[in-house]
Amino acid sequence: MKILHIIDGAYFETHTKTISELILALSDFGVEQKIYTSDVADLGWLSNVCEIVRWKSVKSGKLKTFSNKLKTMFLLSSFHPDIMCKWGLDARKIVWGSGGIQVSFLNEREPLKTFENTDYIMTNSDDVLSFVKVNGYSGARSFLLPPFVYEYKNSKPVSKRDFFIPEKASAIYLASVFKRNVGFENAFDALAVANDKYFFIAGNGPDREYVEDLALRANVKSRSRFIPEIERSAIVYPMVDFAFLPFEDSENAKYILEAMLHNRFIVAVKNSVSEEFIVEGKTGFFVPKRDMYLIKKKLKEIMTLGDDEKRKVTENAFLIAQNYVAKKIVPGYIQMFEELIRKYNSRRNLLNN
């Protein structure tokens, strides 16, 4: 299978991690991929992807970037992709005369005209899925993405001192999309009980300044380290006690799985996403959504757990996450793309006849 990823600059900030993880996981399955950027953008994150999968971006020719349409048409004629994945509005505006199935990734509602020249829509949001179905992309042409995560093999040893944290201090990990009303307000309020700990906060999104302002008002910003880069969230896991994820957003499952794969137990709110992976006291812990008294009480209990008890929980969580990734996520994406190719070929044959 050959996949061409077409990405515009606007998607780099909010989709860097998702795009990278998809490319990395598909590379493990031997899928041939190339990347085209439809405008001038900072592609520094691609070097991180290349380093992880040991691609030589210049010498091997496996990964290349192009900056104009002429070169892109040459790429299409030489690469012959089965599927073109378009990330972002500008990417969807580019019209191709040939080159396989065209798939668009959406993370929010957009005007119907932006779906032009797209065969299929994929999203990680139930709300967006309902929207595109109403606007002409039926269940046969729209897909809800499973939670996605790639287990980064980190070989860069770091210490707390690299983040200006005392070596003997303990830390807690938080991760979510930086948006309003996903739960950062309650999260920072609850962390008042952890007045001797530091916080690694990972994520990307349009409201980072708002989240940082919340941290400042909750008096935790001085002990917070914001880490939006794709590789650094994996780097910090050895330095944290557990992941505190009391958030309500479409990517929460990904952050839960990521923490489990790095042998850290989870504290999260109970919902359809978290209940799929967390069993209270066995693979993680639940806190109520808005009862701050009970949330703080639960956090205090968790912070007094013994090493043996924490080890049992993290070991159980790791097995759950590893099994989910190996048996459902990556094979699920391969199966999904193969199904798209079959549907596309059937529809094309019908139209030609």
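Throughout, residue positions are numbered sequentially from 1 according to the sequence presented.
Across every non-hydrogen atom of Lys289 and Asn186, the tightest pair is O-ND2, 3.4 Å. Heavy atoms only, all atoms of each residue included: Met260 and Ala321 are closest at CB-CB, 3.5 Å. Considering every non-hydrogen atom in both Ile278 and Ala268, the closest pair reads CD1-CB, 3.9 Å. Taking both residues in full, the closest heavy atoms of Phe244 and Ala190 are given as CZ-CB, 4.2 Å, listed atom of the first, atom of the second, then distance. Across all their heavy atoms, Arg141 and Gly136 have their closest contact at NH1-O, 4.1 Å. Minimum heavy-atom separation, Asn219 to Arg223: O-NH2, 3.6 Å.
Counting heavy atoms from C-beta outward, Met336 and Val103 have side chains that stay 4.5 Å or more apart. Looking at heavy atoms from C-beta onward, Val211 lies in side-chain contact with Phe188 at the 4.5 angstrom threshold. Residues Cys85 and Phe337 have side chains in contact (heavy-atom distance under 4.5 Å, counting atoms from C-beta outward). At least one side-chain heavy atom of Thr118 sits less than 4.5 Å from a side-chain heavy atom of Tyr137. Put simply, the side chain of Asp241 does not reach to within 4.5 Å of the side chain of Met303, judged on heavy atoms. A 4.5 Å side-chain heavy-atom check between Ile334 and Val31 finds at least one atom pair inside the cut-off.
Atom CG of Leu261 and atom CD1 of Ile256 lie 12.0 Å apart (nearest 0.5 Å). Going from atom NE2 of His80 over to atom CG of Leu4 covers 12.5 Å, rounded to the nearest 0.5 Å. Going from atom CZ of Phe199 over to atom OG of Ser222 covers 9.0 Å, rounded to the nearest 0.5 Å. Rounded to the nearest 0.5 Å, atoms CZ (Arg264) and CD1 (Ile266) are 10.5 Å apart. The CG atom of Leu22 sits 9.0 Å away from atom CE of Met122, with the distance rounded to the nearest 0.5 Å. Separating the CG atom in Asn181 from the OH atom in Tyr210 is a distance of 6.0 Å, to the nearest 0.5 Å.
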Side-chain donor-acceptor pairs of residues 280-288 under 3.5 Å, sequence neighbours excluded:
from: Glu280; atom 1: OE1; to: Phe286; atom 2: N; distance (Å): 2.8
from: Glu280; atom 1: OE2; to: Lys298; atom 2: NZ; distance (Å): 2.8
from: Thr283; atom 1: OG1; to: Phe277; atom 2: O; distance (Å): 2.9
from: Thr283; atom 1: OG1; to: Val279; atom 2: N; distance (Å): 2.7

N/O donor-acceptor pairs under 3.5 Å from side chains in residues 165-179, not counting sequence neighbours:
from: Glu167; atom 1: OE2; to: Ser159; atom 2: OG; distance (Å): 3.3
from: Glu167; atom 1: OE2; to: Lys160; atom 2: N; distance (Å): 3.4
from: Glu167; atom 1: OE2; to: Arg161; atom 2: N; distance (Å): 3.4
from: Ser170; atom 1: OG; to: Lys197; atom 2: NZ; distance (Å): 2.7
from: Ser176; atom 1: OG; to: Asp249; atom 2: OD2; distance (Å): 2.5

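Atom CG of Asp291 sits in a crowded spot, with more than 12 heavy atoms from other residues, nucleotides or ligands closer than 6.0 Å. The environment of NZ in Lys297 is sparse: at most 12 heavy-atom neighbours from other residues, nucleotides or ligands sit within 6.0 Å.
Although no hydrogens or angles enter the test, the distance criterion places no donor-acceptor pair under 3.5 Å between the side chain of Arg92 and the main chain of Ser104. A distance-only check finds no donor-acceptor pair linking the side chain of Gln33 to the backbone of Leu26 [under 3.5 Å]. Side-chain atoms of Asn316 come within 3.5 Å of backbone N or O of Lys312 as a donor-acceptor pair. Not one N or O on the side chain of Arg180 forms a donor-acceptor pair closer than 3.5 Å with the backbone of Asp207.
Clustering ILVMFWY residues whenever any of their side-chain heavy atoms sit less than 4.5 angstrom apart, transitively, puts Phe226 in a cluster other than the one holding Leu216. Hydrophobic clustering, with ILVMFWY side chains joined whenever heavy atoms are under 4.5 angstrom apart, keeps Val193 apart from Leu294. Note: the hydrophobic cluster containing Val273 does not contain Leu129 (ILVMFWY, side chain heavy atoms under 4.5 Å, direct or indirect links). Note on Leu89 and Val128: separate hydrophobic clusters, where clusters join Ile, Leu, Val, Met, Phe, Trp and Tyr whose side-chain heavy atoms are under 4.5 Å apart, directly or indirectly.
Remark: Arg342 engages Glu339 in a salt bridge, criterion side-chain N to carboxylate O under 4.0 Å. Under the 4.0 Å criterion applied to side-chain N and carboxylate O atoms, Arg208 and Glu212 are assigned as salt-bridge partners.
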Do Leu106 and Val132 pass the side-chain contact (heavy atoms from CB on, under 4.5 Å) test, and can you show the C-alpha distance, the side-chain angles, and the key distance before you say yes or no? CA-CA 10 Å; Leu106 275 68; Val132 298; 4.0 Å; yes

Between Ile302 and Phe265, is the side-chain contact (heavy atoms from CB on, under 4.5 Å) condition met? List the steps. CA-CA 10 Å; Ile302 290 168; Phe265 66 83; 3.5 Å; yes

Leu299 vs Phe242, side-chain contact (heavy atoms from CB on, under 4.5 Å): CA-CA, chis, key distance, verdict: CA-CA 11 Å; Leu299 280 178; Phe242 61 90; 4.2 Å; yes

After noting the C-alpha distance and the side-chain angles of Val325 and Glu258, does the key distance pass the side-chain contact (heavy atoms from CB on, under 4.5 Å) rule? CA-CA 10 Å; Val325 171; Glu258 187 176 61; over 6 Å; no

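Seen from the ring of Phe163, Arg225 does not count as a face-on cation partner, given the 6.0 Å and 45° thresholds.
For Arg311, the side-chain hydrogen bond (donor to acceptor under 3.5 Å, both in side chains) partners at least two apart in sequence or on another chain are Asp308.
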